[in-house]
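Quick caveat, the model's predicted, so the values are computed rather than measured.
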Amino acid sequence: MSVRPVQPGLFQSDPAALLGTRCDTCGDHAFPRTAICPYCGSTEVTDVTLSGTGTLWLWTTVTAAPPGYQGEVPFGFGIVELTGGVRVITRLALPDDSYSEGLPMHLRIVALHATDGGDTVETWEFAP
């Protein structure tokens, strides 16, 4: 039995962090990692760990599982602007209406589901 990420290369567990890039030309950050800056087109990018804190911009509750999704529903889903400016489309810890625009949020690594072989699949989410 092991623990594995829902998708390799998106986050690290210890310490919890999303993995992105910083453009060496324009200085903007991006998530997920990319070989080309999505803002200026430069190929001069550096892999970085992104801030684990930010503020909530938008949110909703997902009540029906998307195709291929094996976690529990309902769950929260929204956009968090990380300290440093990059906005991340993300799972949210709570599937309810207790959120408000500008709410401080922090990154957590959580179990998403277990595989048929007993492995735990982890993902990230943001919580107030």
Is there a side chain to side chain contact (heavy atoms under 4.5 Å, CB included) between L92 and F75 once you walk through the steps? CA-CA 7 Å; L92 300 174; F75 63 92; over 6 Å; no
Evaluate side-chain hydrogen bond (donor to acceptor under 3.5 Å, both in side chains) for Q12 paired with T49, printing each intermediate quantity in order. CA-CA 9 Å; Q12 65 185 30; T49 55; 5.5 Å; no
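Y39 and V45 fall into different hydrophobic clusters, where Ile, Leu, Val, Met, Phe, Trp and Tyr residues are linked whenever their side-chain heavy atoms come under 4.5 Å apart, directly or through other members. Both L10 and I89 are part of a single hydrophobic cluster, where members link through side-chain heavy atoms under 4.5 Å apart. Note on V3 and V110: separate hydrophobic clusters, where clusters join Ile, Leu, Val, Met, Phe, Trp and Tyr whose side-chain heavy atoms are under 4.5 Å apart, directly or indirectly.
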Show me the side-chain donor-acceptor pairs of residues 14-33 shorter than 3.5 Å, one per line, residues at least two apart or across chains.
residue, atom, partner, partner atom, Å
R22, NH1, D24, OD1, 3.1
D24, OD1, T46, OG1, 2.8
D24, OD2, T46, OG1, 3.1
T25, OG1, S42, OG, 2.8

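Seen from the ring of W124, R91 does not count as a face-on cation partner, given the 6.0 Å and 45° thresholds.
The shortest distance between side-chain heavy atoms of T61 and D96 does not fall below 4.5 Å. A 4.5 Å side-chain heavy-atom check between Y69 and H113 finds every atom pair outside the cut-off. Under the 4.5 Å side-chain criterion, counting only non-hydrogen atoms from C-beta, Y99 is in contact with M105.
Residues L56 and S100 share a closest heavy-atom pair of CD2-O, 3.9 Å.
Note that CG of D119 and OG of S2 are 3.5 Å apart. Values are rounded to the nearest 0.5 Å. The CG atom of L50 sits 10.5 Å away from atom OG1 of T83, with the distance rounded to the nearest 0.5 Å. Summarising the geometry, atom CG belonging to L107 is positioned 9.0 Å from atom OG belonging to S51; distances are rounded to the nearest 0.5 Å.
In this structure, F77 has its ring center no closer than 6.0 Å to that of F126.
Residues E125 and T90 bring no donor and acceptor atom of their side chains to less than 3.5 Å of each other.
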